[in-house]
Amino acid sequence: MLISEQTSSALDELVGVFFDLNRTTDRMISVMQNEWCMPKAVSIIHPNIAHVYPLLSDKITEIKDRYNLSSVYPATHQDDRNYTNLQDMFGTLLKENEDAYQEIKLVDKIAVENGDFMVQADLVEFMQKFNILFSQIVTLNDKAIQMPTDYDMFDQHISEWGIDGIDLS
């Protein structure tokens with residue numbers, strides 16, 4: 001087998017991480033839309049952040065597809081969280097993205113330890129894409145710290161902050 005069982009399993013776990021991030025962000029979108037009336041923020045964050053996470057999962061499954069290995073899709077968490085304000089919300093998203101980064105590093109380490117260097121090379125490319133998205137999450141968090149309950153101001157100015165998602169082609 002060209003990919004060790006350990007690396008294959010770790011890649012499956014990483015797929016689940018990004019589907020969980022999609023679930024988290026979709027819940028955030030619901031709160032922003034229905035409780036805080038932030039239509040502009042929703043129209044930017046939903047396609048450029050929330051919809052990108054499943055596409056990142058697809059990039060991980062493509063690694064296994066190259067070796068004719070099926071991916072396993074872990075269950076995602078139920079998300080009924082409520083947020084006290086924007087700082088709480090985007091702090092949560094930042095923390096979960098930091099956790100995703102740690103998971104990517106763990107998968108990379110497992111790939112190296114098992115001699116799966118082609119997978120490791122693919123993960124470097126993946127991390128470069130994720131880093132662009134991560135920087136946008138940092139921006140949203142920084143803005144949320146500046147205006148934790150100023151929902152109208154956040155909504156009004158979000159289009160100026162470069163929350164453009166990433167090019168996954």
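The shown structure was predicted, so the numbers you read here are calculated from the model rather than taken from an experiment.
Counting heavy atoms from C-beta outward, Asn114 and Ile3 have side chains that stay 4.5 Å or more apart. No side-chain heavy atom of Ile104 sits under 4.5 Å from any side-chain heavy atom of Val17. Two residues are said to be in side-chain contact when any heavy atoms from C-beta on lie closer than 4.5 Å; Asp99 and Glu103 fail this criterion. Contact annotation: the side chain of Met89 never approaches that of Thr24 to less than 4.5 Å [non-hydrogen atoms, C-beta and beyond]. Between Val119 and Lys64 the shortest side-chain heavy-atom distance does not fall below 4.5 Å. Side-chain contact between Ile49 and Ile44: absent, with no pair of heavy atoms (C-beta onward) separated by less than 4.5 Å. Taking the side chain as every heavy atom from C-beta outward, Gln128 and Ile132 never approach each other to under 4.5 Å. Side-chain contact between Val15 and Thr61: present, with at least one pair of heavy atoms (C-beta onward) separated by less than 4.5 Å.
Proximity of a side-chain donor or acceptor of Asn22 to a complementary backbone N or O of Tyr53 within less than 3.5 Å is not detected. Distance alone, capped at 3.5 Å, is enough to place a donor-acceptor pair between the Asp116 side chain and the Ser4 backbone. Remark: the backbone N or O of Asp26 is not paired with any side-chain donor or acceptor of Ser30 at under 3.5 angstrom. Of the possible donor and acceptor atoms, none in the side chain of Ser9 sits under 3.5 Å from a partner among the backbone N and O of Gln6.
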Applying side chain to side chain contact (heavy atoms under 4.5 Å, CB included), run through Leu93 and Asn141 and close with a yes or a no.
-> CA-CA 8 Å; Leu93 185 60; Asn141 186 65; over 6 Å; no
Could you give me the CA-CA distance, side-chain angles and deciding distance for Leu55 and Asp58, then say whether side chain to side chain contact (heavy atoms under 4.5 Å, CB included) is met?
-> CA-CA 5 Å; Leu55 298 175; Asp58 288 347; 4.0 Å; yes
Stepwise side chain to side chain contact (heavy atoms under 4.5 Å, CB included) test for Val42 and Trp36 | CA-CA 11 Å; Val42 167; Trp36 298 337; over 6 Å; no
Check the pair Leu106, Glu13 against side chain to side chain contact (heavy atoms under 4.5 Å, CB included), reporting the backbone distance first and the verdict last.
-> CA-CA 11 Å; Leu106 177 62; Glu13 290 300 315; over 6 Å; no
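If you chain together hydrophobic residues whose side chains sit under 4.5 Å apart, Leu14 and Phe117 never meet in one group. There is no path of hydrophobic side-chain contacts, each under 4.5 Å, that joins Val112 to Phe126. Under a hydrophobic-cluster definition in which Ile, Leu, Val, Met, Phe, Trp and Tyr are linked whenever side-chain heavy atoms come within less than 4.5 Å, directly or via other members, Met38 and Trp161 are assigned to the same cluster. Both Ile63 and Tyr73 are members of a single hydrophobic cluster when ILVMFWY side chains are connected at heavy-atom separations under 4.5 Å. Ile145 is not connected to Met28 by any chain of hydrophobic side-chain contacts under 4.5 Å among Ile, Leu, Val, Met, Phe, Trp and Tyr, and they are in different clusters.
Ionic pairing of Lys59 and Glu62 is present here: one or more N-O contacts between side-chain nitrogen and carboxylate oxygen are shorter than 4.0 angstrom. Remark: Arg81 engages Glu96 in a salt bridge, criterion side-chain N to carboxylate O under 4.0 Å.
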Report all side-chain donor-acceptor pairs from residues 162-169 shorter than 3.5 Å, counting only partners two or more places apart or in another chain.
residue	atom	partner	partner atom	Å
Asp167	OD1	Ser169	N	3.0
Asp167	OD1	Ser169	OG	2.6
Asp167	OD2	Ser169	OG	3.2

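Within a 6.0 Å sphere centred on OH of Tyr151, heavy atoms belonging to other residues, nucleotides or ligands number more than 12. Surrounding CD of Glu125 are at most 12 heavy atoms belonging to other residues, nucleotides or ligands under 6.0 Å away. Within 6.0 Å of atom CE in Met127, more than 12 heavy atoms from other residues, nucleotides or ligands are found, so the atom counts as buried in its surroundings.
Taken from CZ in Phe154 to OG1 in Thr149, the straight-line distance is 12.0 Å, to the nearest 0.5 Å. Taking CG of Asp150 as the reference point, atom CG of Asp155 lies at 10.5 Å (rounded to 0.5 Å). Gln136 contributes atom CD, which lies 10.5 Å from atom CD1 of Ile45 (distance to the nearest 0.5 angstrom). Here the straight-line distance linking atom CZ of Phe19 with atom OG1 of Thr76 works out to 9.0 Å at 0.5 Å rounding. Between the NZ atom of Lys109 and the OG1 atom of Thr7 there is a distance of 12.0 Å, given to the nearest 0.5 Å. One distance of note links NE2 of His51 with CD1 of Ile29; it measures 8.5 Å at 0.5 Å rounding.
Contact detail for Asp88 and Asn85: the closest heavy-atom pair is N-OD1, 2.8 Å. When all heavy atoms of Gln78 and Arg23 are compared, the pair lying nearest together is CA-NH1, 4.2 Å.
Partner of Leu11 under the side-chain contact (heavy atoms from CB on, under 4.5 Å) criterion, chosen from Val107, Leu69, Ile110, Asp122: Val107. Between Leu133 and the choices Asn48, Val138, Leu21, Leu56, the side-chain contact (heavy atoms from CB on, under 4.5 Å) rule is met once, by Leu56.
Remark: Phe134 engages Phe130 in a ring pair (Phe, Tyr, Trp, His ring centres under 6.0 Å) (not counting sequence neighbours).
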